[in-house]
Amino acid sequence: MLEKTYNPAEVEEKLYGEWEESGAFAADTQSNKAPYTIMMPPPNVTGSLHIGHALTFTLQDVLIRYRRMKDRDALWQPGTDHAGIATQMVVERQLAEQGIHRRDLGREKFVEKVWEWKAESGGTIIRQLRRLGASPDWEKERFTLDEGLSKAVAKVFVQLYKEGLIYRDKRLVNWDPKLHTAISDLEVEQRETTGKMWYFKYPVEGQDGTFITIGTTRPETMLGDTGIAVHPEDERYTDLVGKNCILPLVGRAIPIVADEYADPEKGTGAVKITPAHDFNDFEVGNRHDFARVNVLDENAAINDEAPEKYRGMDRFDARKAIVADMEELGLLEKIEDNAMVIPYGDRSGVVVEPWLTDQWFADAKTLAKPAIEAVETGKTKFVPKQWENTYFEWMRNIQPWCVSRQLWWGHRIPAWFGPDGEIFVEETEAEAKAAAAKHYGKAVELTQDPDVLDTWFSSALWSFSTLGWPEETPELKRYYPGDVLVTGFDIIFFWVARMMMMGLHFMKDVPFREVYIHALVRDEKGQKMSKSKGNVMDPLELCDSYGTDSVRFTLAAMAAQGRDIKLSESRIAGYRNFVTKIWNAARFCEMNECRPRATFDPKSVTTTLNRWIVAKAAESGNGVAAAIEAYRFNEAAEALYHFTWHTFCDWFLEFAKPVFQGNDEAAKAETRATAAWVLDQILIFGQPIMPFVTEELWRHIDENRGSALINAEWPDYSGLAAPDAEAEMDWVVDLISVIRSVRAEMNVPPSAKLDLSVKGAQGADEARLKTHEALILANARLESIAPVGDDADVSGAIQAVAGSLTLLLPLAGVIDLDQERARLKKEIAKLDGEIGKIEKKLSNQGFIAKAPPEVVEENRERMQAAADAKAKVEEALSRIEAA
RNA sequence: GGGCGAUUAGCUCAGCGGGAGAGCGCUCGCUUCACACGCGAGAGGUCACUGGUUCAAUCCCAGUAUCGCCCACCA
């Protein structure tokens, strides 16, 4: 006998262990089913499961579990990402607590430490994924830094280099002065702030007393100024073009040039050019052959290129000093407030500097072309389609991708430098040495590039590197390309776009046919969850409190295709109640000896109630399947919820009660078997979303089943769905006969008062089975079914009974007469309103007569129905008045 | 500056060219032999605003307002 409530904690761990051990999650390259592949976006190895993970992994798990049952050899390929910067920071912080800096250890030792850390703590998120019930093929778990993937990375880098799609260049990059590495544009976060604009007067060479005034938001960079630009058509400055300014504080003569970049509308129309510290100025500098004077070191402090006074100063201290000095010289014209955006490193949180360095770049523009085309031609589709615009927008304006990072943790760039700086890019050191020997005609010492690759470089290969590429493995052949990639919109650029580029380049096919973009999870107030705001919801704590199934169900139910999900705990509690409801439905079935029969054929049921519920179950099962296939997880959840609670429990089980307690043994047996079958269906189509409670019940109901629910087959409901109106009608008629029999049983003549209150119901036990609840439900049901079809007999019978029900309820004392009178009056007013509305519509339609005839007809019918309903209510009211 | 999204019941959200929905909350009544994590009955909404298209608009179009997100090198 089942307990009264379901206890998730007891079963979750047990079931998960059994699933995993039995190999239930494993894909099978030998299977004769078609493959279905989802590549798990590899979470950071440093990570711990947050609610966003819980969402994305739940949705993926729903898809995988569904496909596994339905018709596919499903592979959910798991793994983790080495997360260069994030991981290095974690370990550095840990070392710092012991007073150790990574430089003290040296590169090799430090990397060793990181591996140690990974071995100890890197498994957290993987363990947590298990807790969530995720069912990837764990045997195939990969790590972006493991041997095979590293080999793939090296091969890709070398090939792209040799194709000219990766190159080394000296240009401005976003430099993080705290982490001492370059970062990509995507890793820069622009924050709006109110800053200052300083107006400095630069003296014109040879013209005492003539100044050109420039505005700047970054006074400290003036030490690196190598030119001034004005607009060619700006008459204010025409006579100064070609002359020089003397850069104050430095004394360098810098040319004044005409360049379209200078906007006469902005500032003073004259702009200082600092090619080494500003992306725009870099371009302008190139056009005019300006020198690039770098005045900052790797910490963004002033370096030795600057006048001695400022050397070693932090950039912000230097700013103050320079402003003060300029003021003293009388060269500070004014200061204004200025709204501006400041670039911050998304990991370090400090202001990043455009800084001139040698870095490796990937030619993203060339790689992007096929990736754009693949989406244009529909080879890969985004769901919702909306996101394709975002993708196109970025891809069409894509900038060179800086792939090198000045870190120690990551894939070392496979490039070696000869004594004269010649570069040898090869997959291994041996190959590089061979190439160098050939180049120099003798063996030489080579030094490997100290940099590592951007973490996203290896992630970009994930869709094929995890399957064994460059080896021609059976997995690679079978599971590439993937069916769908499930992810949040925040990494469309970081990851989706880059996988498209790499997949198309190296596999000559898209990495996935669909990209399902889901929302991001925010708190109840719509704010991004963050530790500093204290509004984080820990999914594992929620699983502890409410059970994993409830959390999964909530996430699925809220995964509509919007942008944000605002998660509230009360909703999780609501779905926890739903889990209990299923549990208790099963308990009820158990108590009434509803056991699955192997020979049961849902097509063969005879009673109206059973035929009806079989059809409804099929309809719901198909609804769940269709919703999952369309990535409408909320609809799948809703269909499951509604069918289980409001169809199966509220109606079917209620009406099964009189059967179970009656004397018709044949009907009893059939209804028991039907109830058991329907409950099984609920478990089956509930499994993808709520795997634990469904599996537990599945096993409890029959311990001798051939397989676990997770391996059960999704039933074919064809021939069962689509109950026709007649069947529905029959059922209502049957229902009405039940009600009539109640009256007969209780010896209540049709005209007399039927006491339906529970306490007063003194009739036979059978009569109590369907007391006032059934009547009230029946009443609601009847209303929802009207207007009836064209079978006059059935229609008449129903209307007659419906009328008597309306009357019956108040007479029975179930409803307070005064209240009922008020309700009826209100009802009449409402119907009047509706009649008026339809009348107006009809008159419009009649006048212009453009509406399709069936629509007009429909409206006439509705009008008639409303009028009939009104008459009925009026009649009921008059009877009440009379009583 | 460019782009996108949102605005529907007290709250969190679905829906969508022809009858306003769910969960939670609220009110009333129920220790009914599955379930109080329950059962039944209710209250509550000019579907942001203004125009337009249409026989018909919460839904399509245009504009306005408010909120939010993404992208962007603005001195």
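Reminder, nothing fancy here: chain letters follow the sequence lines and each chain counts from 1.
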Nearest to the side chain of A:T5, which nucleotide is it out of B:A72, B:C37, B:A34? B:C37
Measure from NZ on A:K657 to P on B:C33 and round the result to the nearest Å. 9 Å
Which value, in whole Å, describes the distance between the C1' atoms of nucleotides B:G15 and B:G45? 15 Å
Measure the distance from CZ on A:R587 to P on B:C37 and round it to the nearest whole Å. 14 Å
B:A43 to B:G10 separation - P atoms, rounded to the nearest Å: 14 Å
Under 4.0 angstrom, heavy atoms only, what part of the nucleic acid is A:G547 near: base, sugar-phosphate, or nothing? nothing
In this structure, how many angstroms lie between the C1' atom of B:C73 and the CG atom of A:D185, rounded? 10 Å
Do the side-chain N or O atoms of A:Q386 get closer than 4.0 angstrom to the phosphate oxygens (OP1, OP2) of B:G5? yes
Kindly say if A:K581 contacts the phosphate of B:C39, meaning a side-chain N or O under 4.0 Å from OP1 or OP2. yes
Quote, to the nearest angstrom, the C1' distance that separates B:G23 from B:A14. 10 Å
Starting at the 5' end of RNA chain B, what dot-bracket string do you get if Watson-Crick and G-U pairs under 3.5 Å are bracketed, crossing pairs use [ ], other-strand pairs use | and unpaired bases use dots? (((((((..((((....[..)))).(((((.......))))).....(((((..]....))))))))))))....
Any donor-acceptor pair under 3.5 Å between the side chain of A:S570 and the base of B:C24? no
Which whole-number value in Å describes the distance from A:E189 CD to B:C71 C1'? 13 Å
Can you list every pair that meets side-chain hydrogen bond (donor to acceptor under 3.5 Å, both in side chains) and has a residue in residues 638-647 of chain A, with sequence neighbours left out? A:H646-A:D650
Distance test, side-chain N/O of A:W645 to OP1/OP2 of B:C39, below 4.0 Å: yes
Walking RNA chain B from its 5' end, the first of A:A270 and A:Y575 to be reached, judged by nearest nucleotide, is A:Y575
Assign the ring pair A:F382 / A:Y391 to parallel, tilted or perpendicular, where the plane angle (0 to 90°) is split at 30° and 60°. tilted
Separation of B:A34 P from A:L653 CG (nearest whole Å): 10 Å
Between B:C37 and B:C70, how many Å separate the two P atoms, rounded to a whole number? 41 Å
Examine distances only and state if a side-chain atom of A:D278 and a backbone atom of A:N280 form a donor-acceptor pair shorter than 3.5 Å. yes
May I have all residue pairs that pass salt bridge (Lys or Arg N to Asp or Glu O under 4.0 Å) and include part of residues 216-226 of chain A, sequence neighbours excluded? A:R218-A:E220, A:R218-A:E353, A:E220-A:R319, A:D225-A:K272
Interatomic distance, A:N389 CG vs B:C70 P [rounded to whole Å]: 18 Å
Show every donor-acceptor pair shorter than 3.5 Å between a side-chain atom in residues 572-580 of chain A and any protein atom, with sequence neighbours excluded, or say none if there are none.
residue	atom	partner	partner atom	Å
A:Y575	OH	A:R571	NE	3.3
A:Y575	OH	A:R571	NH2	3.1
A:T580	OG1	A:R576	O	3.1

When you compare B:A9 with B:G44, how far apart are their P atoms, in angstrom units rounded to a whole number? 14 Å
Sugar-phosphate, base or nothing in reach of A:A262, heavy atoms under 4.0 Å: base
Report yes if a side-chain nitrogen or oxygen of A:N577 is closer than 4.0 Å to either non-bridging phosphate oxygen (OP1 or OP2) of B:G38; otherwise report no. yes
Describe the nucleic acid contact of A:C649 in one word from base, sugar-phosphate, nothing, applying a heavy-atom distance below 4.0 Å. base
Pick base, sugar-phosphate or nothing for A:Y641, based on heavy-atom distances below 4.0 Å to the nucleic acid. sugar-phosphate
Going by side-chain hydrogen bond (donor to acceptor under 3.5 Å, both in side chains), name the pairs with one or both residues in residues 1-10 of chain A, residues two or more places apart or in two chains. A:N7-A:E10
Check every strand shown and say whether A:K272 touches a base, only sugar-phosphate, or nothing at a heavy-atom separation below 4.0 Å. nothing
Spacing of the P atoms in B:G51 and B:A57 (rounded, Å): 14 Å
Is A:D549 reaching over with its side chain to a backbone N or O of A:F692, donor-acceptor style, under 3.5 angstrom? yes
With respect to the side chain of A:N634, which nucleotide from B:A75, B:C37, B:A14 is positioned closest? B:A14
Report the distance from atom CD of A:E260 to atom P of B:A75, rounded to the nearest whole Å. 20 Å
Considering only heavy side-chain atoms of A:M340, the closest of B:A75, B:C69, B:A14 is B:A75
Give the ring-plane orientation class for A:Y631 versus A:F633, where under 30° counts as parallel, over 60° as perpendicular and anything between as tilted. tilted
Specify the separation, in whole Å, of atom CD1 of A:I398 and atom P of B:C73. 14 Å
4.5 Å side-chain heavy-atom contact, A:L555 and A:H518: no
For a quick check of understanding: with a heavy-atom distance under 4.0 Å over all strands, which category does A:N338 fall into, base, sugar-phosphate or nothing? sugar-phosphate
Do the side chain of A:R576 and the base of B:C37 come within less than 3.5 angstrom through a donor-acceptor pair of N or O atoms? yes
Closest listed nucleotide, where the reference is the side chain of A:M591 and the choices are B:C71, B:C37, B:A34: B:A34
B:C55 and B:A41: how far apart are their P atoms, nearest whole angstrom? 42 Å
Can you tell me if the side-chain N/O atoms of A:H646 get under 4.0 Å from OP1 or OP2 in B:G23? yes
Could you tell me how far B:C39 sits from B:G5 if I compare only their P atoms? Round to whole Å. 40 Å
A:D185: what forms a side-chain hydrogen bond (donor to acceptor under 3.5 Å, both in side chains) with it, not counting sequence neighbours? A:N174
Selection from B:A34, B:C73, B:A75 that lies nearest to any side-chain heavy atom of A:Q190: B:C73
On RNA chain B, check which nucleotide each of A:F493 and A:N592 is closest to and give me the residue with the more 5' one. A:N592
Pick base, sugar-phosphate or nothing for A:Y6, based on heavy-atom distances below 4.0 Å to the nucleic acid. nothing
